[in-house]
Amino acid sequence: MVFKLTSVVALVAALALTGNAQKQIQGISFANNKDAPNDSYNLPKNALAVAPISDLNSKAFACRTNGLNFPSIKSYSATGGEMFLVAWDMNSLNSTEGPKLNGPCNHWMASTAAGTDNLKWFRIGEFGYSADEGWCTDKIRREGQLVVSMPDDLLPGEYIFRTEVIDLTYAGKTNADDPTMGAQFYPNCLKYNYSGGKNPKEVTTGLVSFPGAYLATDQGLLLNLTADGKPPGGKYTVPGPALHNQTGP
Ligand SMILES: *[C@@H]1O[C@H](CO)[C@@H](O)[C@H](O)[C@H]1NC(C)=O
Ligand SMILES: *[C@@H]1O[C@H](CO)[C@@H](O)[C@H](O)[C@H]1NC(C)=O
Ligand SMILES: *[C@@H]1O[C@H](CO)[C@@H](O)[C@H](O)[C@H]1NC(C)=O
Ligand SMILES: *[C@@H]1O[C@H](CO)[C@@H](O)[C@H](O)[C@H]1NC(C)=O
Ligand SMILES: *[C@@H]1O[C@H](CO)[C@@H](O)[C@H](O)[C@H]1NC(C)=O
């Protein structure tokens, strides 16, 4: 696997604490610049204080913001087929305060070609659980970043990238059944221009809406972790539609 490090585009989300010591991922930015993670170009300022979402019908489900009226995009671009990094603030990752998150990650994209009112999202990457590496959240804590492969078959244009951490610590009951429970979603979004796809075509399969993409009863969202935070039976399937696969016809 070859990482084109000179063209890596990274997002940075810092972990921080709220009053009730719930650890949350905050902030997001392209981070191949020395100011990261303070540079949060693509999120409204108040988004940095927004807690995770458990209500699957929340209008803010897509990006933890009301609407997708991001500030103007900066001169960033992503090229089809490249690897890029989703990175978290290293210093705060090793903080001993706050509960430990346990769960998978999903990465999504949506074209804004038809506006942002009715975005159709497709899933471009995931990391669930493995016996060797643990949860996605364990990997983040160890390595501080995730490598994501940008699909190489998209039409050029503007997209919203959505990266999501799902904490399953309270997933033994649905949030609808018990408002103190439910899987907790930490999505963060940013907007960028995509170009350079090798076999560009419109995405027509695996498209979902937020809210709507997840059901409270999805197998990967309704489960009791073991006492040490593992999935029952050591096996876990990340929720969501089939991954967008760039090797198709
Ligand atoms: C981010 O901002 C904080 C507070 O202003 C500052 O202490 C820190 O050095 C900044 N980090 C970077 C990487 O610029
Ligand atoms: C993104 O693409 C749009 C449409 O081609 C263009 O108007 C805009 O300048 C581009 N923005 C950046 C930051 O490259
Ligand atoms: C957290 O601390 C451990 C042990 O000191 C270290 O191995 C690891 O690299 C650190 N993780 C990050 C993301 O800095
Ligand atoms: C999780 O455990 C609680 C308490 O034992 C139980 O009420 C609940 O039904 C369990 N949830 C699942 C998905 O098995
Ligand atoms: C496409 O799917 C196949 C079979 O699931 C998988 O082996 C391959 O890695 C996928 N390709 C990409 C680029 O995701």
Side-chain angles (χ1 to χ4, degrees), residues 13-28 46-66 86 88-89 92-108 121 123 125-131 133-142 144 146 162-189 208-241:
L15 290 164
L17 300 172
T18 60
N20 67 359
Q22 175 64 60
K23 196 175 258 194
Q24 63 178 279
I25 294 159
Q26 294 192 328
I28 191 166
N46 64 6
L48 302 183
V50 179
I53 293 178
S54 294
D55 176 3
L56 292 181
N57 298 315
S58 167
K59 289 202 164 47
F61 199 89
C63 301
R64 274 195 290 169
T65 58
N66 287 319
V86 179
W88 280 259
D89 171 34
S92 53
L93 277 176
N94 267 347
S95 160
T96 52
E97 297 170 77
K100 184 171 175 274
L101 304 186
N102 286 303
C105 305
N106 259 331
H107 309 295
W108 307 77
W121 299 88
R123 206 161 66 97
E126 67 175 28
F127 190 97
Y129 177 88
S130 77
E133 298 192 84
W135 289 110
C136 180
T137 48
D138 295 318
K139 189 176 171 69
I140 291 172
R141 201 171 294 105
R142 266 193 321 272
L146 301 171
R162 176 180 187 275
T163 183
E164 172 184 60
V165 174
I166 307 175
D167 180 26
L168 299 174
T169 306
Y170 309 101
K173 291 190 176 147
T174 69
N175 182 254
D177 281 349
D178 180 343
T180 67
M181 299 286 287
Q184 299 194 326
F185 297 81
Y186 293 84
N188 279 301
C189 299
V208 297
S209 298
F210 288 120
Y214 294 123
L215 295 177
T217 51
D218 280 349
Q219 211 185 353
L221 297 178
L222 182 58
L223 69 167
N224 281 309
L225 301 184
T226 62
D228 55 354
K230 295 183 171 138
K235 290 217 173 79
Y236 181 76
T237 303
V238 180

Asks: Using a 4.5 Å cut-off on heavy atoms from C-beta on, say whether the side chain of Cys136 contacts that of Val165.
Replies: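 No, every pair of side-chain atoms sits at 4.5 Å or beyond.
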Asks: Under the side chain to side chain contact (heavy atoms under 4.5 Å, CB included) criterion, do Tyr214 and Ile166 qualify, and how do the steps go?
Replies: CA-CA 12 Å; Tyr214 294 123; Ile166 307 175; 3.9 Å; yes
Asks: Could you work out, with side chain to side chain donor-acceptor pair (under 3.5 Å) as the rule, every residue matching Glu133, not counting sequence neighbours?
Replies: Lys139
Asks: So, the side chain of Asp218 versus the backbone of Gly220: is there a donor-acceptor pair under 3.5 Å, distance only?
Replies: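 Not a single qualifying donor-acceptor pair exists.
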Asks: With Trp135, which residues qualify under ring pair (Phe, Tyr, Trp, His ring centres under 6.0 Å), at least two apart?
Replies: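 By the ring pair (Phe, Tyr, Trp, His ring centres under 6.0 Å) rule, Trp135 matches Tyr129, Tyr236.
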Asks: Measure the CG-NZ distance between Leu223 and Lys235 for me, rounded to the nearest 0.5 Å.
Replies: 14.5 Å
Asks: Do you know the tightest heavy-atom contact between Leu222 and Gly172?
Replies: CD1-O, 3.7 Å
Asks: For Trp121, run the ring pair (Phe, Tyr, Trp, His ring centres under 6.0 Å) check against Phe61, Phe210, Trp108 and tell me which one passes.
Replies: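 Option passing the ring pair (Phe, Tyr, Trp, His ring centres under 6.0 Å) with Trp121: Phe210.
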Asks: Run the side chain to side chain contact (heavy atoms under 4.5 Å, CB included) test on Ile140 and Cys105 for me, step by step, so that the C-alpha distance in whole Å, both residues' side-chain angles and the decisive distance to 0.1 Å come before the verdict.
Replies: CA-CA 10 Å; Ile140 291 172; Cys105 305; 3.8 Å; yes
Asks: When you compare the side chain of Leu168 with that of Pro104, does any pair of heavy atoms fall below 4.5 Å?
Replies: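 Side-chain contact under 4.5 Å: yes.
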Asks: Which is it for Leu215 and Leu56 under the side chain to side chain contact (heavy atoms under 4.5 Å, CB included) test, yes or no, and what are the steps along the way?
Replies: CA-CA 7 Å; Leu215 295 177; Leu56 292 181; 5.7 Å; no
Asks: Using every non-hydrogen atom in the two residues, find where Pro211 and Ser58 come nearest and quote the distance to one decimal.
Replies: CG-O, 3.5 Å
Asks: Verify, without hydrogens or angle tests, whether Thr137 (side chain) and Leu101 (backbone) share a donor-acceptor contact under 3.5 angstrom.
Replies: yes
Asks: Quick one: NZ on Lys230 to CG on Leu225, what's the gap to the nearest 0.5 Å?
Replies: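 Output value for this atom pair is 11.5 Å.
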Asks: Once rounded to the nearest 0.5 Å, what's the spacing between atom NE2 of His107 and atom CZ of Arg162?
Replies: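 CZ of Arg162 is found 11.5 Å from NE2 of His107.
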Asks: For Asn175 versus Met181, what's the shortest heavy-atom pair and its separation?
Replies: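 Residues Asn175 and Met181, closest heavy atoms: ND2-O, 2.9 Å.
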Asks: Could you grab the distance from atom CZ of Phe185 to atom CG of Asp167, nearest 0.5 Å is fine?
Replies: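 Interatomic distance, Phe185 CZ to Asp167 CG, rounded to 0.5 Å: 10.0 Å.
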Asks: Check whether any side-chain heavy atom of Thr169 sits under 4.5 Å from a side-chain heavy atom of Gln184, and report yes or no.
Replies: no
Asks: Testing the basics here: between Asn106 and Pro239, what is the closest heavy-atom pair and its distance to 0.1 Å?
Replies: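 Closest pair (atom of Asn106, atom of Pro239, distance): ND2-O, 3.0 Å.
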